[in-house]
Amino acid sequence: MYQLEPIAALATAPGIGAIAVLRVSGEGAIELTNRLFKGKDLTQQASHTAHFGTLRTETGGIIDEVLVTIFRAPKSFTKEDVAEISCHGSEFIIQQILRRLMQEGVRLARPGEFTQRAFLNGQFDLVQAEAVADLIASDSDASHRAALNQLRGGFSRQLKDLRQQLIDFVALVELELDFGEEDVEFAHRDKLRQLMLDIRRVLHPLIDSFSTGNAIKNGVPTVIIGKPNAGKSTLLNALLNEEKAIVSDIPGTTRDVIEDELFLDGIRFRLIDTAGLRQATDQIEAIGIERTQQKMRDAALVVYLFDGPAIRPDDLDEVTAELHQSGKPYLLVGNKADLMTETKHEALSPILANEQVIWISAARQTHLDDLKAALSARVRTDAAVQTGSAVVTNARHYNHLIGTDDALARAIAGLDAGVTPDWLAMDLRVALQHLGELTGEITTDDLLDSIFSKFCIGK
Ligand code: GDP
């Protein structure tokens, strides 16, 4: 276990609060804290105990009444000696305490340095360390769950295991290289093949989960499209309960693209309005228009709104066909239900026979709950979200997963083609490198710096 030089930082949010917590970690953290503490002798206390006392200035004046909790290495977050000082949440007190600690030889922690030390001391792997940052930043039920799952080991434990098995095979393949011309085979090819297939089977759901994972973390980009006058702005307003879109009787009056957020069942939807479309000259907002297609490409979920009383059956037929073709998850929403007649319903019913339509009235704000329920249901049908199984939310992880998968695909193809051991070893090493960087078994200082510098100070 490493104990590095003592560092300290405010662990709670800056600003005024009832209580603030300062964290001191590293070699001598408890002894150094004890030098400013008046109460019990902290150096004589057991790990995981809390002690009331006062912190003193160098001349013996009282800075504050505090509670110091001590954790002895390796049973602490950083696996170093740690003292956590709970003081009153005043900027002045915090500065005084930090200044006193600096006088005793403690230095200010860099952003993420506590977590970095925890990682270096094997408290968790890199994926878990990054999850700490995600957990702190999580702002919805779904992102919180994804981060928590990742923090608790998520997929990295399983990958580490498989990587170890792959390392054993690579060693054997490399041993074959030492025998040069002789035709020896230490690495059992069928077993190697099976292992690589097994790894890819673990990788694929993770790779697929990235779009969901990303959506959970950053919100599900959702677009509302439909012809002018269908009621898109009215719907957006109704959903957001805010007068952000300009509603008007005149088609084409919504000017600015409005992006806003809607939280449903703990899922964040990023609503993208299609205002820009109004600039299309032909006034017909067909799905075929390039801008609509671009919006659809950007979106993870499409809400197609049509004017129920106004739409012609043929047009609706065309729309549903195009939506189908797009391959995007979509919701078909019939608006102006308040103006729908029995006759019109009958006219549309053959076309809607195989479609699920949600009928609403945006203007009267009726059945909006049905629409909201359908929105969250569309996202939740994704098994990963539903079961809380591992979801990849981090682009760095995603890139390494793809890299591993590609290398393994090449290695398997090579095996099938009967390539020489040196070729095989090369692809396997690429796969190992990606897997190792993913879980942090292989790290570089640059990588660590770039990851941990994104943390806040005190984390
Ligand atoms: P957009 O062009 O698709 O954004 O459509 P708007 O939201 O501007 O709505 C066009 C017109 O339809 C406005 O006059 C709205 O008041 C009206 N409208 C929207 N929703 C409904 C509805 O549910 N029922 C009725 N009767 N009128 C609606």
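Just so you know, ligand 1 is whichever comes first in the structure, and atom 1 is the first atom listed for that ligand.
Looking at Lys232 next to ligand 1, an N or O pair under 3.5 Å apart turns up. Between Gly231 and ligand 1, an N or O atom pair is found at a separation short of 3.5 Å. Polar contact check, Ala363 against ligand 1: a nitrogen or oxygen pair lies under 3.5 Å apart. By the 3.5 Å distance cut-off applied to N or O atoms, Leu339 is not counted among the residues near ligand 1. Between Ala230 and ligand 1, a contact under 3.5 Å exists for at least one N or O pair.
By the 4.5 Å heavy-atom criterion applied to side chains, Asn335 and Leu235 are not counted as neighbours. Side chains of Leu432 and Leu428 form no contact here, defined as non-hydrogen atoms less than 4.5 Å apart.
Checked by atom type, the side-chain pair His400/Gln433 shows no donor-acceptor distance below 3.5 Å. A side-chain N or O of Asp198 and one of Gln194 form a donor-acceptor pair less than 3.5 Å apart. Between Glu80 and Ser25, the side chains place a donor N or O and an acceptor N or O closer than 3.5 Å (distance only, hydrogens not considered). Of the N and O atoms on the side chains of Glu322 and Tyr304, not one donor lies less than 3.5 Å from an acceptor on the other residue.
Residue Asp338 touches ligand 1 through its side chain alone, judged by heavy-atom distances below 4.0 Å. At a heavy-atom cutoff of 4.0 Å, ligand 1 is contacted by no atom of Asp307, backbone or side chain. If you look at Ser361 next to ligand 1, the close heavy atoms, those under 4.0 Å, come from the backbone and the side chain alike.
At least one heavy atom of Pro228 sits under 4.0 Å from some atom of ligand 1.
To the nearest 0.5 angstrom, Trp359 atom CH2 is 8.5 Å from Leu332 atom CG.
Contact atoms of ligand 1 toward Lys227: 3 (O) (distance under 4.0 Å to a heavy atom of the residue).
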